[in-house]
Amino acid sequence: MKTEQLKQEIIAYSEEIGIDKIGFASADVFEGLKERLKRQQELGYQSGFEKGSIEERTEPDRLLPEAQSIISIALAYPSRIKDAPKSTKEERRGVFCRASWGVDYHDVLKEKLSKLSAFIKEKVPEASMKEMVDTGELSDRAVAERAGIGFSGKNTAMITPEFGSYVYLGELITNLSFIPDTPLEDGCGSCTKCLDACPTGALVQGGQLNAQRCLAFLTQTKDFMPDEFRPKIGNFIYGFDTCQVVCPYNKKIDFHHHPEFEPEPDVAKPKLKPLLRISNREFKNIFGHIAGSWRGKKPLQRNALIALGHYKDETAVQDMIAVMKNDPRPVIRGTAAWSLGKIGTREAFLAIESAIEKERDEQVLAEMEKGLAFKKGVL
Ligand code: SF4
């Protein structure tokens, strides 16, 4: 079968199974990316979540020895929640970033890629393929860029003309050779909206990201959140997408093509207080199916404590005191103490002063001191 004919059949089939955009790229080495990753490594900008060596991340034939082409796919996701629940004074809510609304996209995209793979196998039994979504070695964004899905914005997101940057990406490396699609022109021009809006200066001119300053990454870490970033996360308990929200390409973009990605309002914008005392079983039942649960409940609870402090939610003080006194995890006890200080009621300060007498963990003690320092107006 001629590959051009197969390509057209694959495109038609991709539409049938609900893939919003598909593109074809060569499996050549990603030279530009290799240089960028090396620079990023030298500068210490990596998140630590990256998989594989720089070579594996930029040389497709290390992942599939006979690699010829890469098929890139994109699925659009919603940017608005219909009938979103309000965060009230009595019941404050956190929020997951848009990429974590609905069912975990890794599962949805993997299913689409498997279908695509089976379709190709049926046409060409000797075809070999390797699927990847996000956590694979290859950069989904670099592949999508080469395959003409979109251009890479200064906010480091893949921006498609049709769906803005609210797209999930995945790819299929194959030993079949397809005529590659043409990459799109850079569309940022002189715009710097995302750079200006980033509250931590994590976006470096030239499309680089310092993951160590990126709030989306920092909300996923398990240790204490560095002090500098705590006032900046607001009510985000997982991810952070301000750099996408401000992008002109995302204006009025809100696609609801896939029922799987429809946000469940109470999950996407959960009440903060109940999160503090959620059991592992409840957590799994309520949040287990969304992408934002992949690091477990601890980072979300830590961020929920910071968000309650951000809101100065006095109705949460009792729950937070219980957490500060009884939680076995130092990060949670310490963050509760810091946030109680931020809320700054008399009850909160008295509770920290009493808890400090019994606390033995050095880091928690330091957080308690920071909490008390709010009383003196030091922080
Ligand atoms: S906000 Fe402007 S600079 Fe940033 S990605 Fe969008 S178009 Fe590019």
Side-chain angles (χ1 to χ4, degrees), residues 20-21 23 25 30 32-33 35-37 39-40 43 45-47 49-50 57 72-81 95-101 105 134 138-171 181-220 229 232-236 238-257 261 291:
D20 291 310
K21 196 164 183 186
F30 289 87
L33 177 65
E35 289 316 307
R36 239 189 7 254
L37 291 177
R39 237 181 8 254
Q40 218 167 6
L43 293 164
Y45 283 181
Q46 290 176 306
S47 69
F49 293 155
E50 298 87 359
R57 290 162 64 198
S72 171
I73 66 164
L75 265 67
Y77 59 84
S79 72
R80 294 199 190 107
I81 304 176
V95 68
F96 283 81
C97 69
R98 289 162 177 77
S100 179
W101 292 353
Y105 65 94
D134 180 46
L138 275 192
S139 156
D140 301 327
R141 191 158 52 98
V143 173
E145 194 173 13
R146 187 184 276 177
I149 295 280
F151 68 92
S152 196
K154 287 179 194 165
N155 60 3
T156 73
M158 172 62 18
I159 302 179
T160 69
E162 305 87 347
F163 314 108
S165 62
Y166 297 132
V167 285
Y168 298 123
L169 303 169
E171 60 271 338
D181 291 318
T182 317
L184 302 185
E185 300 261 312
D186 168 68
C188 285
S190 57
C191 174
T192 57
K193 278 190 187 330
C194 54
L195 278 80
D196 303 339
C198 176
T200 62
L203 293 169
V204 188
Q205 269 285 13
Q208 284 266 42
L209 174 77
N210 180 354
Q212 297 301 325
R213 296 192 65 79
C214 173
L215 293 178
F217 160 72
L218 288 160
T219 58
Q220 300 175 49
F229 304 115
K232 315 236 180 213
I233 69 165
N235 70 335
F236 274 91
Y238 180 84
F240 194 83
D241 45 18
T242 296
C243 62
Q244 295 198 82
V245 174
V246 299
C247 178
Y249 284 96
N250 285 335
K251 207 168 174 198
K252 300 204 175 126
I253 293 288
D254 182 30
F255 286 94
H256 295 257
H257 286 178
F261 299 151

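Numbers for residues simply follow the sequence, beginning at 1. Indexing begins at 1, ligand by ligand and atom by atom, following the structure's order. What's counted below: heavy atoms across the whole structure, side chains too, no hydrogens, waters or symmetry copies.
At least one donor-acceptor pair closer than 3.5 Å links the side chain of Y249 to the backbone N or O of G187. The main-chain N or O of G148 is never found under 3.5 Å from a side-chain atom of D181 such that the two would form a donor-acceptor pair.
Distances shorter than 2.8 Å separate atom 4 (Fe) of ligand 1 from the protein N/O/S atoms C194 SG.
For ligand 1 and I159, the ligand atoms under 4.0 Å from any heavy atom of the residue are 5 (S). Every atom of ligand 1 is numbered from 1 in the order shown, and the set under 4.0 Å from a heavy atom of Y249 is 7 (S).
The closest side-chain donor-acceptor pair between R213 and T200, if any, does not fall under 3.5 angstrom. Defined by atom type and a distance below 3.5 Å, a donor-acceptor pair is missing between the side-chain atoms of S79 and N250.
The structure places CG of D140 at 6.0 Å from CG of D134, a figure rounded to the nearest 0.5 Å.
Between F236 and F240, the angle of the ring planes lies from 30° to 60°, which puts this pair in the tilted group.
At a 4.0 Å cut-off, not a single heavy atom of N250 sits close enough to ligand 1 to count as contact.
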Donor-acceptor contacts under 3.5 Å from residues 192-199 side chains, at least two apart:
unit_1: T192; atom_1: OG1; unit_2: D196; atom_2: OD2; d: 3.0

